[in-house]
2 protein chains.
Amino acid sequence: MKSSRNASGPRPGAASRATLLAAATRLFAQYGYEGASVERIASRAKVNRAMVSYHFGGKQKLYRAILRRGLEALEQRLAVVRSCANPAPRRLAQFVEAFAAVATEQVSFPAIMLREVLSGGHHLDGILLSHMAAAFGLVREIIEQGVRERSFRAVDPVLTHLGLIGSLVFYFASAPTRSRLISEGKLAVRSEPPIGDYVRHIQELMTLGLTAPALNPSPRRNHGLKVSRRR
Amino acid sequence: MKSSRNASGPRPGAASRATLLAAATRLFAQYGYEGASVERIASRAKVNRAMVSYHFGGKQKLYRAILRRGLEALEQRLAVVRSCANPAPRRLAQFVEAFAAVATEQVSFPAIMLREVLSGGHHLDGILLSHMAAAFGLVREIIEQGVRERSFRAVDPVLTHLGLIGSLVFYFASAPTRSRLISEGKLAVRSEPPIGDYVRHIQELMTLGLTAPALNPSPRRNHGLKVSRRR
DNA sequence: GTCTATAGGCTGATAGAC
DNA sequence: GTCTATCAGCCTATAGAC
């Protein structure tokens, strides 16, 4: 780490650092860690190869800096939701909005994190793992609150978290490819669904899907699905 | 393509083909296309490097053969669900089961497909895309059936498909990493949730989350989430 | 079918001039 | 801070012996 500041604004004469970060972020998301070569990253940033070693100390440290930046942005947004006293369904909707906000602000973040997880998560150090744990902790907290307040049925927080994160990460990480395939007419879909529509869809799906059944058994239809208690 | 048959059983003296397929499948899932070298694939299959070119005509054709195998297995399972006359909620549950069956049979399939999508889907030819389109077509068909039969509310099939596929693919593709992190005590979770539990969770979540509201407005709680109609 | 040897290119890192 | 030159290592593909 040669520069003294970590997340500081680019000072004059060090424009290449920020440019490299931006270029590398896009390329890691699109091609993966091995697929994005230092040469391509530097050339997209219109900067010399050697700048990667100079500013970050190598490809791997550049990659880790990108992971850190994304997870810190998420953590910051989730902290707001965490300190928010709202009914559980509303807080869960806020969680979805927070994730979508980060994914909109840093479009490459979901794809990079997803790839990191697929690759075994070997670049995740203690700090990064604690950020991920914190995200799950918030979901669990919200679920438990909802169950306590009788607005949610007694779902498993782990399963709920996995399903929610999965649907969010997949939507955002696959958006570029989906857009490409749609614009080339290779998917029988008119246009890429807007982010807001998807966010609302997931919010509604989760809210309705987690809602506790009414206390006096109302005529809630059950269509052939054998619903059994877990464990 | 030197051998005359594509998905035939291994004939004596050509054991290396099947071994290579198996080894490559695992490595592509774990390390990605660029991350899995022909050398490592061959060495894991205990076979000479040159066998990749001999049996498949190169790394890329080996990779495409793996994609094809997975998507064909999925298509086969989904065909059963497609030709099944059941109520929509039951059929949607069957879709989830079919996907889980493929993911259990070919553990590396979800991760490979996910990586392929993240990378832009450039290896997907017409046939492979039609298999993916068929999967979406089935979900859309089920959703439309449910809306017609008044068991589902009027959700967008595209959004529903994306959310469902996302939660399924993510769970299966991230399972190895999750298991590793749990066993190393780096995730504050006791143990990896069993597949059956997750399948049931998603089935319940989808069924309840898509259920049409009762016709005479029963006291269905709405906890602060502003539910608005799409578009 | 299997293997060795080799070709030709790309990789990431760095020493050292400016 | 930036750049050039260069290193050793790895990559895929293939010709040709067996």
Side-chain angles (χ1 to χ4, degrees), chain A residues 1-6 8-28 30-67 112 115-116 119 122-123, chain B residues 1-6 8-28 30-67 115 119 122-123:
Chain A
M1 204 73 62
K2 285 190 172 130
S3 65
S4 52
R5 318 169 228 188
N6 255 341
S8 62
R11 54 195 178 294
S16 52
R17 196 184 194 276
T19 330
L20 273 171
L21 256 176
T25 302
R26 293 190 76 88
L27 290 174
F28 282 141
Q30 193 164 7
Y31 300 108
Y33 181 79
E34 288 86 3
S37 71
V38 172
E39 168 60 38
R40 287 187 64 139
I41 292 169
S43 105
R44 172 186 255 265
K46 287 169 190 157
V47 145
N48 193 276
R49 266 212 305 268
M51 288 297 96
V52 169
S53 292
Y54 177 77
H55 283 296
F56 298 92
K59 184 187 188 178
Q60 187 160 331
K61 287 183 182 162
L62 164 58
Y63 175 73
R64 286 184 137 105
I66 290 170
L67 282 184
I112 294 179
R115 290 191 116 111
E116 175 59 26
S119 295
H122 297 287
H123 295 278
Chain B
M1 203 75 62
K2 286 197 169 125
S3 65
S4 52
R5 319 169 227 192
N6 256 340
S8 63
R11 52 195 180 293
S16 51
R17 196 182 196 279
T19 329
L20 273 171
L21 257 175
T25 302
R26 292 192 76 87
L27 291 174
F28 282 141
Q30 193 163 9
Y31 300 108
Y33 181 79
E34 288 86 2
S37 72
V38 172
E39 168 60 37
R40 287 186 63 140
I41 293 169
S43 103
R44 173 185 255 264
K46 288 171 189 156
V47 145
N48 193 278
R49 263 210 307 263
M51 289 297 95
V52 169
S53 292
Y54 177 77
H55 283 296
F56 298 93
K59 183 187 188 178
Q60 187 160 332
K61 286 182 182 163
L62 165 58
Y63 174 74
R64 287 184 135 105
I66 290 169
L67 282 183
R115 290 191 117 111
S119 295
H122 297 286
H123 296 277

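Both backbone and side-chain heavy atoms feed into the values below; hydrogens, waters and symmetry mates do not. Naming: A, B, ... by sequence-line order, numbering from 1 per chain.
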Kindly give the atom pairs (protein nitrogen or oxygen, nucleotide nitrogen or oxygen) under 3.5 Å for nucleotides 10-12 of chain C.
{"from": "C:dT11", "atom 1": "OP1", "to": "A:S37", "atom 2": "OG", "distance (Å)": "3.2"}
{"from": "C:dG12", "atom 1": "OP1", "to": "A:V38", "atom 2": "N", "distance (Å)": "3.3"}
{"from": "C:dG12", "atom 1": "OP1", "to": "A:K59", "atom 2": "NZ", "distance (Å)": "2.7"}
{"from": "C:dG12", "atom 1": "OP2", "to": "A:V38", "atom 2": "N", "distance (Å)": "2.7"}

What pairs of nitrogen or oxygen atoms, one from the protein and one from nucleotides 16-18 of chain D, lie under 3.5 Å apart?
none

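The separation between A:M51 atom CE and C:dA15 atom P is 14 Å, rounded to whole Å. Taking atom NZ on B:K46 and atom P on C:dT2, their separation rounds to 15 Å, with Å as the unit. Distance A:Y54 OH to D:dT2 P: 7 Å, rounded to the nearest Å. At whole-Å resolution of the value, CG in A:L20 and C1' in D:dG1 are 12 Å apart. As a whole-Å value, the separation of B:F56 CZ from D:dA13 C1' is 16 Å. The separation between B:Q60 atom CD and D:dC11 atom C1' is 15 Å, rounded to whole Å.
By the side-chain hydrogen bond (donor to acceptor under 3.5 Å, both in side chains) test, B:T19 pairs with no residue at all, sequence neighbours left out. With sequence neighbours left out, A:Q60 forms a side-chain contact (heavy atoms from CB on, under 4.5 Å) with A:Y33, A:R64, A:H123. For A:S119, the side-chain hydrogen bond (donor to acceptor under 3.5 Å, both in side chains) test picks out B:R115, with sequence neighbours left out. Residues that satisfy the salt bridge (charged side-chain N to carboxylate O under 4.0 Å, His left out) test with A:E39, not counting sequence neighbours, are A:R49.
Formation of a donor-acceptor pair under 3.5 Å by the B:Q30 side chain with backbone atoms of B:T25 is not found in this model.
With contacts defined as side-chain heavy-atom distances shorter than 4.5 Å, the pair A:F56/A:L21 qualifies. Two residues are said to be in side-chain contact when any heavy atoms from C-beta on lie closer than 4.5 Å; A:F28 and A:K59 meet this criterion.
Regarding contacts with the backbone of D:dT4, a side-chain N or O of A:N48 is found under 4.0 angstrom from either OP1 or OP2. Between B:S16 and C:dT2, a side-chain N or O to OP1/OP2 separation shorter than 4.0 Å is present.
Taking CZ of B:R40 as the start and CG of B:L27 as the end, the distance is 6.5 Å to the nearest 0.5 Å.
Residue B:R26 places its CZ atom among 12 or fewer non-hydrogen atoms of other residues, nucleotides or ligands, all under 6.0 Å distant.
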